[in-house]
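Just so it is clear, the values below take in all heavy atoms, side chains as well, and ignore hydrogens, waters and symmetry mates. Throughout, residue positions are numbered sequentially from 1 according to the sequence presented.
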Amino acid sequence: MASSHSSSPVPHPSSGGSEGLFQKDRDPSSLHYRPIHSLPDVCPKEPTGEAARGLCEGPSVVADQHRWTVYNSKVNLPAALNDPRLAKRESDFFTKTWGLDFAETEVTPSFYLPNITKEHFGPYLQETAQREKIHERCKNICSNKDELDAVSSITNNHDKSRTELEQVPKIFMKPDFALDDPTTFNAVLPWSHFNSAGGKSSRDMASSRLLQEKLSHYLDVVEVSIARQISLRSEAFFHAMSSQHELQDRLTETARAVAVLRGRTAAIERIMCEGPLRALRQALTRSNCARLHNKLKLMAAVHQSQPTVQLLLSTSEFVGALELIATTKEVLQLELQGIHSFRHLGSQLCEMEKLIDKMMVEDFSMYSRSDLSRSLEDDGQVMEKDRLESLVFGLLRQRKLDFLDIYSDEMILAAKSIVTQSVFDSVSQIEEIDTDIVTKLADQMRLMTFPQWFELLKSVFENFILFLKRIKATLSVVRNVVLEALDSNQKSRLLERAAAVGLTEAPGTPLNQEEAELAYLTHEGLFISDALNDAQLHLGASTGQEQSSTVGPRQALSRMDGCGSDSASGTTESSSSREHAFQPGGAAVSSSEDMMPSDLELGRVANNIQELLYTASDVSHDRCVKVLMARAKDGSLERLSSAEFVFLSQAVEGFVRDTEKLCCRRSVSLRGALQSQANRFVHRFHEERKTKLSLLLDNERWKQAEVPAEFQDLVNSIADGRITLPERKPQGTEERKPSDYLHIDGQKYAVVGTVLLLIRIFLEYCQCVNDIPSISTDMLTRLSDLLKHFNSRSCQLVLGAGALQVVGLKTITTKNLALASRCLQLVVHYIPVIRAHFETKLTPKQYSVLRHFDHITKDYNDHITEISTKLMAIMDSLFEKVLSKYEVKAPMPSACFRNVCKQMAKMHEALYELLPEEQTQMLFLRINASFKMHLKKQLARLGVHHDGGPQHGLVTVDVAFYTENVQSLRALEKLDLNMAEIWEQKR
C-alpha cells in the first residue's frame, strides 16, 4: 500500500562495494515520496465542478486493475505491529513473515577482514585528539544533530498524522454521532445522488465505489493514528498486563493464608473464648437480676414513703417528713423515671409538701405565742429547744423566710399583755381603786400615789428585762440554726469543688491489667480502644460519685424508710435527722441543696434576727413610754418634787442601761419621753424658784440679816468642793447661835436673807444636774435666768428705789446700798464655782452655753459699780451744797467744815461694818477727791490763794480740822488725803 513506503528504513547492501558493507540510508527527507492527493468531501451535495473532477482523480478499480494500488494491500502496518506475543517491537516485522522461530544470530567474522584492535587507531587518535577536544567543546555548546534529527522526525510524523486526521470530516468526530439518526445517515450516505434518474447508471456505480473507497480511507487514517498512539504507550500496556498476572498469583497466596488464619481463629474461639464469654454473660445476667431486685426493693420503699410521712407529721417531725419527701422525689426523677404505677406520686408529694408548709407556719405561730405568753417567773431556758430548731430548719428549707414576722407580731402582743398584767396586779393590791368604776388602765394609774405608781413602773421594768432575756435566748437558738445552715452550704460547695477536681483528674487514671482485660472481653463494639476508653470514663465517673456523695438517694430512702417508725417515738430523732441533713456528705444535702436558701438569703435572715432583737427593745421602751405618759397626762409628773423626779430619772436610766447592755441597742423613745418630762419638770422647778425669789425680793427690807449656822455649813461645804445640798440633821442636835456675817475664804459678807436663800436655790439647781445629767443645758439656762432676775430686780428695788413703794421704806440709805453691793459681790464670788460645776456635766460641744456666766458676771460688776457711783453721788451733792456757802472767816474751824466732817463720819459708820477695808478706803479716796474739787472751786470763787495771807491761814485751819477728823476714822488712819491740791498752781 501507499503508506508502506513511509515505514522505517532498512539497511541495504551497497551496490558499489564488493566487501558486502552496509550503509545507512541518508536523511529520510531526501527520499522521494509519492505526493498525497487530497480527497474530496465524503458527502458532497452535488458531484459537479471541482468535486466531480476530484472523484475522477482517485484510483479506479476498473481503470487501474492491471497496476498496484492501495486496494491491493493484504495486511496493513498496524496489524503487523500489534503482535502481543513479543515484547520488542524491532523483531515484529521479521517474526510476522518468517515465523516465531526466527531469531537474530551473531554474524560470523569474515576470514577476509583483519582483526582490528585499538592500536590500529592510535596514530589516528593522536592526530584527531586536538580536533576532538574542539569538537567536544562545540558539541557542549551546540545541540546534537541526531537529537535534532529525531525531534525533526517526530515533528514531521506528528504533522503528517495531524494532516491526515484533518482530512476526516468533522461529523465523524462528534460525540453524538449515530447512524440511526436520519439526518446523520443522509449526510454520510447521500443516496439521493444515486437514485436521481430512477435507475442505475455507470456514473452512479462509480460514485458509490468512490464513496466506499473514501470511507475505507478514513478508516485507515483513524486506525493508523490509533496504532501510532498505541505504539507510543505499548510498553506501559504490556507492563500492566504482566503485572496483572503477578497480582493474581499474590492474591491466590493471600486467599490461601486467610483461609488458614480463619481456621486457626475458629479453633481459638471454640477452645478459649466460648467458656469465658459464657461466664461473663452469666455474670452480667446475675448483675441485671441484682439490679432488678434492688429496683423492686426501691419501689417498695417508695411505696411506703406516704405512710411514713403521715406518721412523721402526726408527731410534728416536719424536718424528717420534708427530707423523706425530697429524697423520694429525687429517687422518682433519677431511678424510677417512667414507672406507670408511680405516675401520680410526684404530684401527691408536692401537695403534701404544701400542707407541711402550712402546718409548720401554724406550729411556729403557736410556739411563739406559748413561749412569749408563759409566766415570766419561769426559768430563762428556751422552751422545747428541739422543737424550735426543727421548725426553724424546716422553714428555712422551704424558703419560708418570713417566719420572723410572725414572731414579731406575737412579741408585740405579748408586750401589751405584760403591761396590762402588771397594772392589774398592782391595782388589785390597792383597795382605794375600784376597778368596776375605773376600767381604763390609764385612769387607774393616775389614781395611784406616786410611790404606788413608781413601784408599778419598776415592776414593769423588771418584767420587760425578763421578757427581753427570753426573746434573746430564743433568737439565739434561731440564729444558731441559721449559722449551721450557712456552714453546711459552704461545706457543700467545697465538696462540689473537690468532686469537680476528681472528675477532671479521673479520666486520665490508667487502668490496671484486670480492668483492661474485663473491658476487652465485655465490649461489644468494633475497636478495643473504645472499650478501654469507656472503661476509663466509667472508672472516673464512679470515683467522682464516691467523692461527691458517700450515700446515694437509694440508700438514703431505704434508711429513712427503715427509721421512719422509730423517729416517730420522740423529738430526739428530729434533732439527729436535722444534724444528718447538715452533714456535707449526707443524702439530704444532695437532695435539698436546691431548696436551701443561698448564703446571701441566710445572711439576711441572720441580720433580721438581730433587727428583731432591736425591735423587741424598741417595743419594750414604747410600752414603758405608754405607762409614763399615762401618768403624766394630768401633769402629775410635773408636780413631783425634785427628789421624786430624781428617783424616776434614775429608774428610767437604769432600765435603759440594762436594755442597751442586753440588746446592744440604744433605744431613744423612753429616754426621749423622760427628757420631755424633765423639760417640763425643769420649767416648773424654775418657775417655782423664780417666783419664790421674786416674793423674797419684794418683801426684802434690805437690812443685814443674821446668818444661821446651817448656811455657814453650806458655804463651808461649797468651799470644800461639795456642790450639793447637805443632808438634814436630826432635830435633837445642839443648836448653834447664828452669826452676823457669812465667812467665806477669810472674808466677812454682810448679807440679806434673800441672798442666803438664793445660795440654797442655786445649790438645788446644781443638785438637780447631779441627779439628772441630761437636763444640764436646760438647767444652766434656767439658772442664768434666775441670776439675771435677781440682779435686775435688786437693781430696781435699791438703785431704782422700788423698795419705797413695794416694801414701804422711807428712803434708800447708804447702808442699803452698801448691803446690796455686798450681796452682789457674794453672788459674783460663787458664779465661777457654779460655772466649773456645770462644765463637768456638759460635753465639749455644749461648752458654748457657759458664756451666759460671763455675761452675768459683767452685769453684776456693772451693778456693783453703779452702787459705788451712787454712794459717790450722794456725798458729791452734799459737798456741792455745803461748800457753796463756805466763807473764810472766823471762828475756826468753820461750821461748814464741821458739817462735812459729821457727814463723813456718818458715811463711814454706815459702810465700815458692811464693806471690807479696801473697798472703804477706795470709796473714801474718791469721796476726798470730790471734796477737794468742790473746795478748790469755792476757794477760787472767793479769791483765796496760797499766799500766806490771813485768809490762807484760816483755810489752812479748816483743812487741818478736816484731815484730822477723816484720819481719825477706823481703817482710814493711813489714808493720804493730799489736801495741797485745793490750791491752784501759780502760772
Side-chain angles (χ1 to χ4, degrees), residues 312 315-327 330 353 356-357 359-361 363-364 367-368 371 380-408 470-499 548-551 553 556 559-560 563 567 570-613 664:
L312 292 172
T315 57
S316 299
E317 294 291 335
F318 301 110
V319 177
L322 289 173
E323 294 297 338
L324 181 56
I325 289 175
T327 307
E330 185 179 4
E353 194 171 4
I356 292 174
D357 292 347
M359 293 177 63
M360 283 193 301
V361 172
D363 197 10
F364 183 78
Y367 174 85
S368 302
D371 178 53
Q381 295 182 357
V382 180
M383 182 185 69
E384 299 180 10
K385 182 178 178 181
D386 293 338
R387 177 188 174 191
L388 176 61
E389 291 177 346
S390 177
L391 283 172
V392 172
F393 178 72
L395 292 171
L396 288 177
R397 191 184 181 283
Q398 297 303 109
R399 292 182 175 270
K400 299 294 181 181
L401 304 182
D402 56 347
F403 65 94
L404 294 177
D405 297 337
I406 300 174
Y407 193 85
S408 178
R470 177 175 297 174
I471 291 175
K472 184 176 182 180
T474 303
L475 293 181
S476 297
V477 174
V478 176
R479 183 181 181 86
N480 290 335
V481 174
V482 174
L483 293 180
E484 286 179 8
L486 186 61
D487 185 62
S488 175
N489 285 355
Q490 294 176 354
K491 290 182 179 179
S492 299
R493 284 198 302 273
L494 292 177
L495 287 177
E496 288 177 0
R497 294 174 184 173
S548 62
S549 175
T550 58
V551 181
R559 181 172 57 187
M560 185 71 72
C563 67
S567 64
T571 59
T572 306
E573 287 78 3
S574 172
S575 176
S576 63
S577 64
R578 182 179 61 82
E579 292 176 358
H580 169 70
F582 278 131
Q583 293 176 1
V589 174
S590 61
S591 63
S592 63
E593 59 184 359
D594 296 334
M595 296 295 296
M596 288 300 294
S598 62
D599 292 351
L600 181 61
E601 292 173 335
L602 291 175
R604 290 175 181 173
V605 173
N607 293 334
N608 292 337
I609 292 173
Q610 187 64 35
E611 291 294 333
L612 186 57
L613 185 59
C664 302

(message) Checking Glu384 against Leu388 for the side chain to side chain contact (heavy atoms under 4.5 Å, CB included) test, could you report, in this order, the C-alpha distance in whole Å, the side-chain angles of both residues, the deciding distance, and whether it holds?
(response) CA-CA 6 Å; Glu384 299 180 10; Leu388 176 61; over 6 Å; no
What's the spacing between [X] [atom1] and [Y] [atom2] if we round to 0.5 Å?
| X | Y | atom1 | atom2 | answer |
| --- | --- | --- | --- | --- |
| Lys491 | Glu496 | NZ | CD | 15.0 Å |
| Ser492 | Arg497 | OG | CZ | 11.5 Å |
| Leu395 | Leu391 | CG | CG | 6.5 Å |
| Leu613 | Ser476 | CG | OG | 8.0 Å |
| Arg479 | Asn608 | CZ | CG | 11.0 Å |

(message) Whether the side chain of Asp487 engages the backbone of Leu483 through a donor-acceptor N/O pair (distance < 3.5 Å, no angle test) should be reported.
(response) no
(message) Determine whether a donor-acceptor pair (N or O, by modelled atom type, separation under 3.5 Å) exists between the side chain of Ser488 and the backbone of Glu484.
(response) no
(request) Using side chain to side chain contact (heavy atoms under 4.5 Å, CB included) as the criterion, list what pairs up with Asp371, not counting sequence neighbours. (result) Tyr367, Arg374, Met383, Tyr407, Arg470, Thr474
(request) Heavy atoms only: give me the nearest Ser408-Leu612 pair and the separation to one decimal. (result) CB-CD1, 3.6 Å
(request) List the atom of Leu602, the atom of Ala485, and the distance in Å for their closest heavy-atom pair. (result) CD1-C, 3.9 Å
(request) Quick one: do Asn480 and Glu389 satisfy side chain to side chain contact (heavy atoms under 4.5 Å, CB included)? Show the steps, please. (result) CA-CA 9 Å; Asn480 290 335; Glu389 291 177 346; over 6 Å; no
(request) Mind checking side chain to side chain donor-acceptor pair (under 3.5 Å) for Glu611 and listing every partner two or more places apart, or none if nothing turns up? (result) none
